[in-house]
Amino acid sequence: MGALAEEMNVLMIGNNPLELAKVFNCLKNIRESKVIAETAFDLKSGLQRLTKFKPNFIIIDDNLGRRELTKAVGSFSHFRKTKNIPVTVLKNSNYQEAFGGVAMNYILKENLTQESLYSAFRSSLVSSQAQWFLKKVYRKRKGQLKRLLAHR
């Protein structure tokens, strides 16, 4: 897989400052890219950060709670400025259900390292690009199919 952009802008959302500090330390140790990180302690402040900060990755801690996490992942997947930005969820357990079904990646907190973060970002970027391509092809083929059916 290829390298990520020279500069990674990461929006971190969570309500535990100690865990966010651990994530931040892992991010700053990623040597392959310059990392700029912004922190938000809830969905509302995360959305407010988007007025001045343009992230290319979003990390959300599952300690926010099921309802808030589902709302955050759903909001970011539908919000115009963030719908194409990969979302990674930091999970306490591998047994918790997927929230919202649109997060690109999950990382267990016990496995959190700069390598695991970098790998998660890389794979979520590839998945995001593949989804974009499939949507583009689907729209094109859907139009062709409609035109074909209209001529019958």
Side-chain angles (χ1 to χ4, degrees), residues 1-140:
M1 274 184 215
L4 298 174
E6 284 184 29
E7 185 172 283
M8 294 178 7
N9 296 327
V10 181
L11 176 60
M12 302 183 304
I13 302 173
N15 59 8
N16 185 328
L18 295 176
E19 288 182 352
L20 290 177
K22 182 178 179 185
V23 173
F24 181 76
N25 285 332
C26 289
L27 288 171
K28 77 176 187 178
N29 287 325
I30 293 176
R31 297 189 192 329
E32 292 83 356
S33 300
K34 177 183 176 187
V35 178
I36 298 170
E38 288 274 333
T39 304
F41 293 103
D42 57 24
L43 175 59
K44 183 179 178 182
S45 61
L47 291 171
Q48 289 171 344
R49 295 275 189 283
L50 297 175
T51 60
K52 295 181 182 178
F53 186 64
K54 308 276 186 262
N56 46 12
F57 296 97
I58 298 172
I59 298 175
I60 304 175
D61 188 346
D62 73 350
N63 278 348
L64 287 176
R66 183 174 192 259
R67 199 166 115 222
E68 182 79 4
L69 181 57
T70 301
K71 186 177 175 183
V73 172
S75 293
F76 288 125
S77 69
H78 292 98
F79 189 54
R80 184 181 55 82
K81 288 184 176 183
T82 57
K83 69 180 179 181
N84 295 319
I85 298 174
V87 175
T88 299
V89 176
L90 293 173
K91 293 177 67 174
N92 284 309
S93 164
N94 205 20
Y95 297 104
Q96 295 175 344
E97 66 183 80
F99 296 98
V102 293
M104 293 291 167
N105 242 334
Y106 300 92
I107 298 177
L108 289 175
K109 291 176 186 176
E110 64 188 39
N111 298 336
L112 186 64
T113 63
Q114 66 259 22
E115 290 86 11
S116 67
L117 273 174
Y118 187 77
S119 178
F121 289 157
R122 257 193 0 218
S123 65
S124 65
L125 188 61
V126 169
S127 294
S128 180
Q129 290 170 341
Q131 281 185 350
W132 175 83
F133 177 75
L134 288 173
K135 285 178 187 177
K136 181 179 172 183
V137 169
Y138 171 75
R139 277 187 239 121
K140 180 179 178 183

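Every value quoted in this text rests on a predicted model; they were computed, and no experiment measured them. Heads up: numbering here begins at 1 and tracks the sequence.
- Here Ser75 pairs with nothing under the side chain to side chain donor-acceptor pair (under 3.5 Å) rule; sequence neighbours left out.
- Checking Val10, Leu50, Ile36 one by one against Pro55, the side chain to side chain contact (heavy atoms under 4.5 Å, CB included) holds for a single residue, Leu50.
- With values rounded to the nearest 0.5 angstrom, Asp61 atom CG is found 12.5 Å from Lys91 atom NZ.
- Between the CD1 atom of Ile107 and the OG atom of Ser116 there is a distance of 4.5 Å, given to the nearest 0.5 Å.
- Side chain of Asn63 to main chain of Asn15: no donor-acceptor pair is present (N/O by atom type, distance under 3.5 Å, no hydrogens or angles).
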Quiz prompt | Derivation of the side-chain contact (heavy atoms from CB on, under 4.5 Å) call for Leu11 and Thr82 | solution = CA-CA 11 Å; Leu11 176 60; Thr82 57; over 6 Å; no
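- Rounding to the nearest 0.5 Å places NZ of Lys34 at 12.5 Å from CE of Met8.
- Here Asn56 contributes atom CG and Ile85 contributes atom CD1; the two are 7.0 Å apart, rounded to the nearest 0.5 Å.
- Distance alone, capped at 3.5 Å, is enough to place a donor-acceptor pair between the Asp62 side chain and the Asn92 backbone.
- Atom CG of residue Leu90 and atom NZ of residue Lys22 lie 9.5 Å apart, to the nearest 0.5 angstrom.
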Quiz item: Hey, mind stepping through Phe57 and Leu117 against side-chain contact (heavy atoms from CB on, under 4.5 Å) and telling me if it holds?
Solution: CA-CA 11 Å; Phe57 296 97; Leu117 273 174; over 6 Å; no
Expected list for residues 38-45: side-chain donor-acceptor pairs under 3.5 angstrom, two or more places apart:
{"unit_1": "Asp42", "atom_1": "OD1", "unit_2": "Lys44", "atom_2": "N", "d": "3.4"}
{"unit_1": "Asp42", "atom_1": "OD1", "unit_2": "Ser45", "atom_2": "N", "d": "2.8"}
{"unit_1": "Asp42", "atom_1": "OD1", "unit_2": "Ser45", "atom_2": "OG", "d": "2.7"}
{"unit_1": "Ser45", "atom_1": "OG", "unit_2": "Phe41", "atom_2": "N", "d": "3.3"}
{"unit_1": "Ser45", "atom_1": "OG", "unit_2": "Asp42", "atom_2": "N", "d": "3.4"}
{"unit_1": "Ser45", "atom_1": "OG", "unit_2": "Asp42", "atom_2": "O", "d": "3.2"}

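- With sequence neighbours excluded, the residues satisfying salt bridge (Lys or Arg N to Asp or Glu O under 4.0 Å) with Glu19 are Lys109.
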Self-check item: CA sep, side-chain torsions, deciding dist, call: Asn9, Phe53, side-chain contact (heavy atoms from CB on, under 4.5 Å)
Solution: CA-CA 8 Å; Asn9 296 327; Phe53 186 64; 3.5 Å; yes
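- Thr70 places no side-chain N or O within 3.5 Å of a backbone atom of Arg67 that could act as its donor or acceptor partner.
- Here Glu115 pairs with Thr113 under the side chain to side chain donor-acceptor pair (under 3.5 Å) rule; sequence neighbours left out.
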Run the side-chain donor-acceptor check on residues 23-31: report pairs under 3.5 Å with partners two or more places apart or on a different chain.
{"unit_1": "Asn25", "atom_1": "ND2", "unit_2": "Ala21", "atom_2": "O", "d": "3.3"}
{"unit_1": "Asn29", "atom_1": "ND2", "unit_2": "Asn25", "atom_2": "O", "d": "2.9"}

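- Partners of Lys81 under the side-chain contact (heavy atoms from CB on, under 4.5 Å) rule, at least two apart in sequence or in another chain, are Lys54, Phe79.
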